[in-house]
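Here's the structure, in structure tokens; my notes come after.
Each ligand, and each atom within it, is numbered from 1 in the order the structure gives.
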Amino acid sequence: MPLAANNPDRISWLHVGKNSDFPIQNIPFGVFLTRDDIITIGTRIGDTAIDLGALHQLGYFEGIPLTDDIFLQDTLNDFIADGRKTWRLVRNRIAEIFDKNNTTLQSNKKHKEIVLFRLDEIEMQLPVQIGDFTDFYASREHATNVGTMFRGKENALMPNWLHLPVGYHGRSSSIIPSGIPIHRPQGQTIPPDSDTPVFGPSKLVDFELEMAFITTDANDLGESIPIEEAEEYIFGLVLLNDWSARDIQKWEYVPLGPFLAKNFASSISPWIVTLDALESFRVTSPKPLKSQLPYLQYKGKKSFDINLEMAIQPKNAKEKVVCKSNFKYMYWNMAQQLTHHTVNGCPVNSGDMMGSGTISGPTPDSYGSMLELTWRGENPIKMKDGTERKFINDYDTVIMRGHCENDDVRIGFGEVSTQLLPVFKPKKKK
Ligand code: CA
């Protein structure tokens, strides 16, 4: 099916600002609460949110096989489970409805009042109910940097790293959309030169610059997905800031890997940008340094050129961009990750989320965490208000942004913004 929605020449009758992440060629999917307190599935063009539930009820998706309530839900899981053919029909139809040459909705004032919202009239929710969250460790630069710090240069990359996309199973209960503040976690840490742990607030709270892909129902128990089919099961991507407490991590991670240092919060951007919308931003993945087993070998361009940045905004001060990276630096691409994940027959369901792992680039200003940017705190970063950061301070807001751009079009993700509050204090009972 042609991706008519991607036509770079199409112009919308809705206003789209020059540097908007959301031109009519994007058509992402999200879930929002409307001014009438109704939850609905929607999309966005420019700074206008569009209620797809209302559009469907008004008959604008006629001819596309959709159940009546597919968009009147509080998650995208069922729509995603309908599969790639349906996603494409719906995106193409939305592009037609909002094309400036189409006057049907454009000239229907009553319908427009029902369907269109300003961004300040809505509240974005988590787009999917995330059943399972897997986080990979797919950037060679990041794995090398962290390995060097924890184990020394000689043993930076573990012997398995160049042979398989290393990953672990995370928690979905603490995944939150942009705008929800979090508390500094507490836990066990080991003081330097001591063999006895202490309990208290983490002193080394960090961000991790990542992206994550959202899957559809992919396979049954026991079945594996061949690499050439893997992308069919990827609905789209979001920005992911995978909060990490480095001091807790350092003590607890042996031998089973990340646990409480990672599962207190993971923030995602609320609009899922479809893999289809990113089609013209495909690039070649980094060349394998060691030959990979046949089930992980792929053809074609499986990486995407997505500019990513992370900023820190201290309380009552201007933000400072501390890192600029790119999704294309990932050594293991999404098709390899999904294939590897199912090679043993592990089922992947609609609404599962798979994180890339921190994406660090080759230069020190492209490192995707404070751990690497300040090299364990040895080189603090100066904020615009003159204060310094080794890690994240209480009341700092961490903002991640991402977009693709070529001569024709800019497709973006908006942002994921999260404020770090002090340790949670239970209210005193009266
Ligand atoms: Ca992570």
(message) Quick test of your reading of the model: are E231 and K302 salt-bridged, counting only N-O distances below 4.0 Å?
(response) yes
(request) Using only N, O or S atoms, tell me which atom of D135 is closest to the Ca ion (ligand 1). (result) OD2
(request) Verify, without hydrogens or angle tests, whether Q297 (side chain) and Q292 (backbone) share a donor-acceptor contact under 3.5 angstrom. (result) yes
(request) Would you name the N/O/S atom of E208 that lies closest to the Ca ion (ligand 1)? (result) OE1
(request) Can you tell me which residue pairs pass the ring pair (Phe, Tyr, Trp, His ring centres under 6.0 Å) test with a partner in residues 172-230, sequence neighbours excluded? (result) H183-F424
(message) Between the Ca ion (ligand 1) and D242, which N, O or S atom of the residue is the nearest one?
(response) OD2
Without placing hydrogens or testing angles, list every side-chain donor-acceptor pair under 3.5 Å for residues 144-153, not counting sequence neighbours.
from : atom 1 : to   : atom 2 : distance (Å)
T144 : OG1    : R140 : O      : 2.6
N145 : ND2    : E141 : O      : 3.3
N145 : ND2    : E372 : OE1    : 2.8
T148 : OG1    : T144 : O      : 2.6
R151 : NE     : N155 : O      : 3.2
R151 : NH2    : A156 : O      : 3.0

(message) Quick check: of its N, O or S atoms, which one does E210 have closest to the Ca ion (ligand 1)?
(response) OE2
